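Numbers restart at 1 for each chain; the letters A, B, ... are given by sequence-line order, proteins then strands. In this text the structure is predicted, and so the values were computed from the model without any measurement.
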Protein chains: 2
Amino acid sequence: MIRDLSKLERQKRIKEYILKDPFLSDKKLSELFSISVQTIRLDRLEMGIPEMRKRIVQVAKNTSSKDKVKSLKKEEIIGELIDIELGKNGIAILKTTKDMAFGRTGIIRSHYIFSLADSLAISIIDTEVALTGIARLSYKKPVYAGETLVAKARVARSRGNKYLVSVHVKSDQKEVFTGKLVIFSVNDKVKKEKA
Amino acid sequence: MIRDLSKLERQKRIKEYILKDPFLSDKKLSELFSISVQTIRLDRLEMGIPEMRKRIVQVAKNTSSKDKVKSLKKEEIIGELIDIELGKNGIAILKTTKDMAFGRTGIIRSHYIFSLADSLAISIIDTEVALTGIARLSYKKPVYAGETLVAKARVARSRGNKYLVSVHVKSDQKEVFTGKLVIFSVNDKVKKEKA
DNA sequence: CACCTATTATTAGCAACTACTAATTGTAAG
DNA sequence: CTTACAATTAGTAGTTGCTAATAATAGGTG
């Protein structure tokens, strides 16, 4: 149970709770916050949060809204971009988990490491759209679930719309993967107009 | 509007309607079938179909579980294994979707194609644990969301615990990707460093 | 003190039900 | 034709989770 919060604090928390679990009724919320149902209703009203039933309908109808937020914002890049100099180099980090590993051995599946390298390589190219053309990968050492991978990418050469990017992935200072990727930038003048 | 159906026929249709659109209330159904609300309720009862609200909750919980599967990478193998001859060759299929693509172009991210190729290559190796060592990838043509990819893998050479697997991925007969992967089988000492 | 805000209480009403009982209609068999 | 029985419809009471509105109460602050 939660007690003695300022109105603002409480409303913030209510918002978080509802976001996490849209199935919470006003009654359950009032119990959680040890506050009257009416206050919960007032809070919802002030924040413009619809009643539980409408929230459930939204969730049921929405296959896309969450996905859009997720796929457009977060999952554009595998791992977390730490530092980037467009056209030159970049660093990304990926914390590996059990879901990325083979169940039996705990070794991270190779394609997760490739995904980290590939998406980092693509994101350092200073262009609207970039596609991978050719890649040479070398896995040096198995990576176990729980290890944190640091990927460094560098544009080694570039000619026209063709970039050679080399990526080194290390875990705890030791190199576990290297790759050379040829990336092509695509300037789609057809579809886009603004910068 | 629907009229003059036998009880059984009507119940069948009601079932179909609800399956198609779980958001239909008893009132709307009664109007659709020009029958009383009570009859709809009796029909639902006989068929064990819950009320609209509970149906919506079901849908809402389904879509949220779908999200989990989507955002977390649970599948052991990317794509669907169609045919396999251990140690020799295998075929896998991947139906591409929007979540696998760049939002603005609809082009499938390269790592999904690699994942398909890599996991197929690993699964045709007849061993407990197999790891990818070196890979050469070549993306021939962009793949757009919605296309169905067919991956064929073949063990080209093998010496000791080292296998050279070549993978060809086609979409609609046209080759979109080829790769040569060197896979190592690991029998016991997983923790040992590999060559 | 009055004023103000926040909170709580109370009431009426709605949608979409469950659960139950009762009345009506249809239809087929004795 | 009448009875029997199923199918349908009607009606009532009670539930959940609300909206909307109005009023009462408690706690400060100037």
Enclosure of B/R136 CZ (heavy-atom neighbours >12, cutoff 6.0 Å): no
By salt bridge (Lys or Arg N to Asp or Glu O under 4.0 Å) - contacts of A/R55 (at least two apart): none
A/L32 reachable from A/I49 in the ILVMFWY side-chain graph, under 4.5 Å edges: yes
Axis-to-axis angle between the two ends of the helix from C/dC1-D/dG30 to C/dG30-D/dC1 (five base pairs per end, rounded to 10 degrees): 20°
DNA chain D-proximal residues of residues 45-53 of chain B, any heavy atom under 4.0 Å: B/R53
Touch class at under 4.0 angstrom, heavy-atom based, for B/R10 against every strand present: sugar-phosphate
Segment of DNA chain D, first to last nucleotide, that comes within the 4.0 Å heavy-atom reach of chain A: D/dT16 to D/dT19
Donor-acceptor under 3.5 Å (A/S123 side chain, A/L120 main chain): yes
side-chain contact (heavy atoms from CB on, under 4.5 Å) against B/K162, all qualifying residues, sequence neighbours excluded: B/V182, B/F184
Stacked cation flag B/K28 on B/F23, 6.0 angstrom / 45 deg: no
Sequence-distant partners of B/Y139, ring pair (Phe, Tyr, Trp, His ring centres under 6.0 Å), two or more places apart: B/F177
All pairs passing salt bridge (Lys or Arg N to Asp or Glu O under 4.0 Å) where residues 163-183 of chain B contributes a residue, at least two apart: none
Range on DNA chain C touched by chain B, heavy atoms, distance below 4.0 Å: C/dA15 to C/dT18
Salt bridge (Lys or Arg N to Asp or Glu O under 4.0 Å) contacts in which one or both residues fall within residues 16-27 of chain A, not counting sequence neighbours: A/D26-A/R41, A/D26-A/R44
Residues forming a ring pair (Phe, Tyr, Trp, His ring centres under 6.0 Å) with B/Y163, sequence neighbours excluded: none
Which residues share a salt bridge (Lys or Arg N to Asp or Glu O under 4.0 Å) with B/R154, sequence neighbours left out: none
Those residues that, when tested against A/A145, pass side-chain contact (heavy atoms from CB on, under 4.5 Å) (two or more places apart): A/K98, A/A101, A/I108
